[in-house]
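In what follows, a structure is listed as structure tokens, so that the remarks can point back to it.
The sequence lines fix the lettering, A, B, ..., with proteins before strands; numbering per chain opens at 1.
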Number of protein chains: 2
Amino acid sequence: MKRHVLIFGVVGGLLIAILQYTEYRFVIIEHSVELYGALVAILFAAFGVWLGLRITRSREGIRETVVVKEVLLPAPALQPFAPNRARQQTLGITARELEILTLVARGLSNREIATHLFVSENTIKTHCARAFDKLGAARRTQAVRRGKELGLLP
Amino acid sequence: MKRHVLIFGVVGGLLIAILQYTEYRFVIIEHSVELYGALVAILFAAFGVWLGLRITRSREGIRETVVVKEVLLPAPALQPFAPNRARQQTLGITARELEILTLVARGLSNREIATHLFVSENTIKTHCARAFDKLGAARRTQAVRRGKELGLLP
DNA sequence: TCGAAAATCACCCGAAAGGATGACGACATC
DNA sequence: GATGTCGTCATCCTTTCGGGTGATTTTCGA
């Protein structure tokens with residue numbers, strides 16, 4: 001990865017030099033714009049590639065920082081697992097909603113949760129919708145992830 | 001690879017056409033060369049960014065960048081996480097499938113994963129279906145849970 | 001260079017999930 | 001008694017998922 005950046009840097013520098021040289025000649029020879037444009041194109045294509053590499057790299061960095069942050073929150077491993085009641089309260093998540101969330105995290109479908117808790121599937125959907133809203137999640141996988149991040153789920 | 005070359009050719013041809021067209025207009029309007037150069041630059045910079053993204057994407061499977069920025073946590077080891085390759089092999093889960101699985105675990109939808117990896121949503125669905133089958137999961141939440149249990153996902 | 005494995009994409013269909021809204025009863029609290 | 005929260009359930013509608021099938025392209029190793 002680093003090697004690419006280096007290569008592109010060198011190539012870019014060379015291109016700049018070539019560009020300046022050729023432009024100088026063009027002024028003299030009164031040549032057309034095509035070659036100039038091509039050089040600019042190549043130069044900026046290389047620049048774009050380099051930029052693309054940088055973008056992805058910085059994105060990866062962020063991604064891993066997030067991972068570190070996640071590990072900061074939960075306390076050292078305990079067997080019974082105590083959900084973070086404080087966070088639960090600040091988010092306004094009720095006990096029932098958290099209960100449904102844990103079952104969601106176990107990979108159960110809404111119907112399975114419903115039969116498991118002896119309530120209607122619609123009820124589960126309502127609980128889910130409210131819990132997702134409070135967690136800022138659009139999907140159940142997202143909700144599970146957030147729940148784990150916040151120490152609400154094991 | 002052949003398709004890439006093709007795409008490259010087509011995009012290049014299109015760009016050339018656009019450039020010629022714009023150049024023609026510039027000649028008429030008696031505009032300066034700077035604007036033309038800028039246009040070329042922007043176009044090829046964008047193209048380069050796209051190309052750069054593609055390049056990095058093809059290596060995402062191999063990449064294992066370790067960025068430990070804030071290590072404030074003592075006991076629990078928070079490595080970049082090494083998936084259990086042995087289990088992965090016994091289950092026959094390919095690298096690409098595992099890659100999609102991690103994105104699923106992050107709460108992304110199939111469409112989001114598709115745009116993130118520059119592939120079709122159908123492709124993601126196939127990968128998911130195969131991964132779920134190999135994991136014995138019927139839903140993505142189940143797949144995520146199984147993946148974590150088996151040490152395939154962080 | 002041949003073939004197997006992997007990756008890609010498409011299409012169909014049914015099921016599941018999610019959003020929005022309204023409603024009703026129980027219960028607590030003021 | 002009014003108010004508020006919580007749990008329950010419903011209906012309508014849209015989006016997303018998952019299963020199945022088939023196909024092409026790419027990759028990689030023998």
Would you say [N] has OP1 or OP2 under 4.0 Å from some side-chain N or O of [X]?
{"X": "B:R111", "N": "D:dT16", "result": "yes"}
{"X": "B:R140", "N": "D:dG18", "result": "yes"}
{"X": "B:N110", "N": "D:dC17", "result": "yes"}
{"X": "A:R96", "N": "D:dG7", "result": "no"}

Which whole-number value in Å describes the distance from [X] [atom1] to [N] [atom2]?
{"X": "A:E99", "N": "D:dC6", "atom1": "CD", "atom2": "P", "value": "15 Å"}
{"X": "B:I93", "N": "C:dA7", "atom1": "CD1", "atom2": "C1'", "value": "16 Å"}
{"X": "A:I100", "N": "D:dC9", "atom1": "CD1", "atom2": "C1'", "value": "14 Å"}
{"X": "B:E97", "N": "D:dG18", "atom1": "CD", "atom2": "P", "value": "14 Å"}
{"X": "A:I113", "N": "D:dT8", "atom1": "CD1", "atom2": "P", "value": "13 Å"}
{"X": "B:E112", "N": "D:dT16", "atom1": "CD", "atom2": "P", "value": "9 Å"}

Checklist entry - Under a 4.0 Å heavy-atom cut-off, which of residues 115-134 of chain A touch DNA chain C? => result A:K125, A:F132
Next on the checklist: For a quick check under 3.5 Å, do B:Q88 and B:R85 share a side-chain donor-acceptor pair by atom type?
Outcome noted: yes
Side chains of residues 127-134 of chain A: which donor-acceptor pairs under 3.5 Å do they make with residues two or more places apart or in other chains?
{"unit_1": "A:K134", "atom_1": "NZ", "unit_2": "A:G92", "atom_2": "O", "d": "2.7"}
{"unit_1": "A:K134", "atom_1": "NZ", "unit_2": "A:E97", "atom_2": "OE1", "d": "2.9"}
{"unit_1": "A:K134", "atom_1": "NZ", "unit_2": "A:E97", "atom_2": "OE2", "d": "3.0"}

Next on the checklist: Rounded at 0.5 Å granularity, tell me how far CD1 in B:I124 sits from NE2 in B:H116.
Outcome noted: 10.5 Å
Checklist outcome for this item: Rounded to the nearest 0.5 Å, the CZ atom of A:R139 sits from the OG1 atom of B:T141 at a distance of 13.0 Å
Checklist entry - Looking at side-chain heavy atoms only, is the closest gap between A:N110 and A:R140 below 4.5 Å? => result yes
Checklist entry - Can you find a heavy atom in the side chain of A:L98 that is under 4.5 Å from one in the side chain of A:L152? => result yes
